[in-house]
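Inspection log for the structure reproduced underneath, given as structure tokens.
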Protein chains: 2
Amino acid sequence: LLQARNLRKTYHVGDQVVHALDGLDLDIHANEYVALMGPSGSGKSTLMNMLGCLDSPTSGSYVLNGQDVSRLEDDALADIRNREIGFVFQTFNLLPRYTAQENVALPMIYAGIGKADRMKRAEEVLAQVGLADRMDHRPNELSGGQRQRVAVARALVMRPSIILADEPTGNLDTATSLEVMELFADIQKAGNTVILVTHEEDIAACAERTVRLRDGRVESDS
Amino acid sequence: LLQARNLRKTYHVGDQVVHALDGLDLDIHANEYVALMGPSGSGKSTLMNMLGCLDSPTSGSYVLNGQDVSRLEDDALADIRNREIGFVFQTFNLLPRYTAQENVALPMIYAGIGKADRMKRAEEVLAQVGLADRMDHRPNELSGGQRQRVAVARALVMRPSIILADEPTGNLDTATSLEVMELFADIQKAGNTVILVTHEEDIAACAERTVRLRDGRVESDS
Ligand SMILES: Nc1ncnc2c1ncn2[C@@H]1O[C@H](COP(=O)(O)OP(=O)(O)OP(=O)(O)O)[C@@H](O)[C@H]1O
Ligand SMILES: Nc1ncnc2c1ncn2[C@@H]1O[C@H](COP(=O)(O)OP(=O)(O)OP(=O)(O)O)[C@@H](O)[C@H]1O
Ligand SMILES: [Mg+2]
Ligand SMILES: [Mg+2]
């Protein structure tokens, strides 16, 4: 389903050259549940942005569902991002002037879903992450863990076939983390693919396979 | 050192009333190392903002070092915040247009420290969190865990007597978390007070005392 070959991502900061991804190969099949681990700065978020079609590599190839992503037009890419992929950002990326419900409803506007249906579906998903009583709060009126759960809800709202979650439980207590992990387990049971970045071994243990990165490459895979 | 009595913080969102703090009492003595835990939304960050003089309660009192904080002038409060307290925010709060080094140097400008000394001290603290090679990167050129460590470094740079750290290891792998926890242990050994919010039991175990919140009050304290 997802095939990355010799991915490189190189940044230049002043005279410094940073190899965020340094020749990375990875295959992920449909309906797999993969945990992605590795030290801070090892390239996990950079890789997730490639897999989620949010960024393109300096070199190397990425084939998604048989299509070479670098060959796709902007419209086709935007369509894939909106309908096929649900992305939970490490820093949430919520819109500050909109409520939790409006933030979660956002992907459905692009898909042309009517307002009443959007609000109803957003409410449903927010209830699944325990935030039924916070729907009208804006991000600055929410706790850190509540914002994180709004980000999770927004990623799930279009029922995408691929979930890319970058440290989705980093700000959650154990009980709430387990609720979120239950959701991801249900998503996989429904036939979808889940890739989640975590630095907690307990969370990684919920996945079937753990890929570990170091210095922009795959160090181990089991 | 820190004495909170019957703290209340009430928010109004539309018709909804939220009791973020609901009559909270807490005493913390000089040189203590306290872990603050509790479910997402239980009031930890709200309490930390009170203790750090960043926000004032709806009612109740907070006495810091013998002074009633609600009686202090803005200047006196700003002075305490800058010299006495180091705050690590749950969402980092770095300035996006400044480098890691400039962000860490910021508290020293207020204190009137000269530029060469500021840059040298900022470099020293960034090295302590393993970011010597990322000093010239801006926040959007850093990984999530690197930003978190810049936030930690900024809190330590003025060698404050009270460290308030709101989930300082949430985005860090185990090895890097231990490095940061070592720093906090050193700070306490130097005679200072450390209060840290975490949802990880292993991290809380590094403290001498764990205060657990639920629904805006102290549920247990050991
Ligand atoms: N400005 C605000 N307006 C309305 N409600 C708020 C506001 N700020 C916080 N809250 C609410 O107050 C409660 C406590 O928030 P707080 O940020 O202290 O929780 P927390 O314990 O730090 O949670 P987390 O572990 O998720 O970071 C939450 O339920 C939150 O929705
Ligand atoms: N825009 C950029 N410019 C320069 N360097 C960058 C940029 N973005 C990321 N980097 C560097 O690339 C490396 C990989 O970053 P990435 O965000 O993928 O790490 P990560 O594995 O997600 O780390 P963490 O666990 O801390 O979130 C880091 O060392 C970072 O400093
Ligand atoms: Mg990351
Ligand atoms: Mg919080």
Side-chain angles (χ1 to χ4, degrees), chain A residues 11-16 18 20 37-46 48 89-92 94 99-100 129-131 133-149 166-167 169-177 179-180 197-204 212-214, chain B residues 11-16 18 20 37-46 48 89-92 94 99-100 129-131 133-149 166-167 169-177 179-180 197-204 212-214:
Chain A
Y11 295 108
H12 299 272
V13 179
D15 305 330
Q16 195 186 10
V18 177
M37 300 188 81
S40 175
S42 54
K44 305 179 297 297
S45 297
T46 305
M48 293 286 272
F89 294 90
Q90 187 170 9
T91 48
F92 320 154
L94 302 179
T99 65
V129 294
L131 292 178
D133 61 351
R134 290 288 181 275
M135 290 203 313
D136 301 324
H137 286 229
R138 292 184 169 71
N140 70 338
E141 295 169 332
L142 293 171
S143 76
Q146 290 167 346
R147 288 176 210 165
Q148 188 155 41
R149 283 181 277 161
D166 199 343
E167 301 206 35
T169 62
N171 282 287
L172 300 177
D173 55 281
T174 307
T176 317
S177 295
E179 286 172 32
V180 169
V197 172
T198 180
H199 61 259
E200 291 185 54
E201 300 286 347
D202 300 353
I203 299 290
R212 291 179 198 267
L213 297 197
R214 182 174 293 278
Chain B
Y11 294 109
H12 299 273
V13 179
D15 305 333
Q16 196 187 11
V18 178
M37 301 188 80
S40 175
S42 54
K44 306 179 293 298
S45 296
T46 305
M48 293 286 273
F89 293 90
Q90 188 170 7
T91 48
F92 321 154
L94 303 179
T99 65
V129 293
L131 292 178
D133 61 351
R134 289 288 181 272
M135 289 201 315
D136 301 325
H137 287 231
R138 291 183 170 70
N140 70 337
E141 296 170 329
L142 293 171
S143 77
Q146 290 166 347
R147 287 176 210 166
Q148 187 155 41
R149 282 180 278 161
D166 198 342
E167 302 207 32
T169 63
N171 282 287
L172 301 177
D173 55 279
T174 307
T176 317
S177 295
E179 288 171 30
V180 168
V197 173
T198 181
H199 62 258
E200 291 186 53
E201 299 287 347
D202 301 355
I203 299 290
R212 292 180 199 265
L213 297 197
R214 183 175 292 278

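In what follows, chains carry the letters A, B, and so on, assigned in the order in which the sequence lines appear, proteins first and then strands, with residues in each chain numbered from 1.
- When the side-chain contact (heavy atoms from CB on, under 4.5 Å) test is applied to Arg212(B), the partners found at least two apart in sequence or on another chain are Met37(B), Glu201(B), Thr210(B), Glu219(B), Ser220(B).
- Contact tally against chain B (heavy-atom pairs below 4.5 Å) for Thr174(A), Val18(A), Leu142(A): the top residue is Val18(A).
- Between the side chain of Arg214(B) and the main chain of Pro39(B), no donor-acceptor pair closer than 3.5 Å is present.
- In terms of heavy-atom proximity, His199(B) sits nearest to Leu172(A) at CD2-O, 2.7 Å.
- Counting heavy-atom pairs closer than 4.5 Å to chain B, the top-ranked of the candidates Thr176(A), Asn171(A), Thr198(A) is Asn171(A).
- Proximity to chain B is absent for every atom of Asp166(A), based on heavy atoms less than 4.5 angstrom apart.
- Considering all non-hydrogen atoms of both residues, Ser45(A) and Gln90(A) come closest at OG-OE1, 2.8 Å.
- Side chains of Asp136(B) and Gln16(A): no donor on one and acceptor on the other come within 3.5 Å.
- In this structure, the portions of Ser40(B) lying under 4.5 Å from any heavy atom of chain A include both its backbone and its side chain.
- Val197(A) does not touch chain B: none of its heavy atoms, backbone or side chain, sits under 4.5 Å away.
- For Phe92(B), there are no ring pair (Phe, Tyr, Trp, His ring centres under 6.0 Å) partners, not counting sequence neighbours.
- In this structure a side-chain-to-backbone donor-acceptor pair under 3.5 Å is present from Lys44(A) to Gly38(A).
- Heavy atoms closer than 4.5 Å to chain B are found nowhere in Thr46(A), neither backbone nor side chain.
- Looking at Arg138(B), neither its backbone nor its side chain comes within 4.5 Å of chain A, counting heavy atoms on both sides.
- Top candidate by heavy-atom pairs under 4.5 Å with chain B, chosen from Gly43(A), Ala175(A), Ser177(A), Gly170(A), is Gly170(A).
- In this structure, chain B has a heavy atom under 4.5 Å from the side chain of Thr91(A), while its backbone stays farther away.
- Contacts between Glu200(A) and chain B at a heavy-atom distance below 4.5 Å involve the side chain alone, from C-beta outward.
- When heavy atoms are compared at a cutoff of 4.5 Å, Glu141(A) approaches chain B solely by way of its side chain, counted from C-beta outward.
- Looking at every heavy atom in both residues, Val180(A) comes nearest to Arg149(A) through CG2-CG, 4.4 Å.
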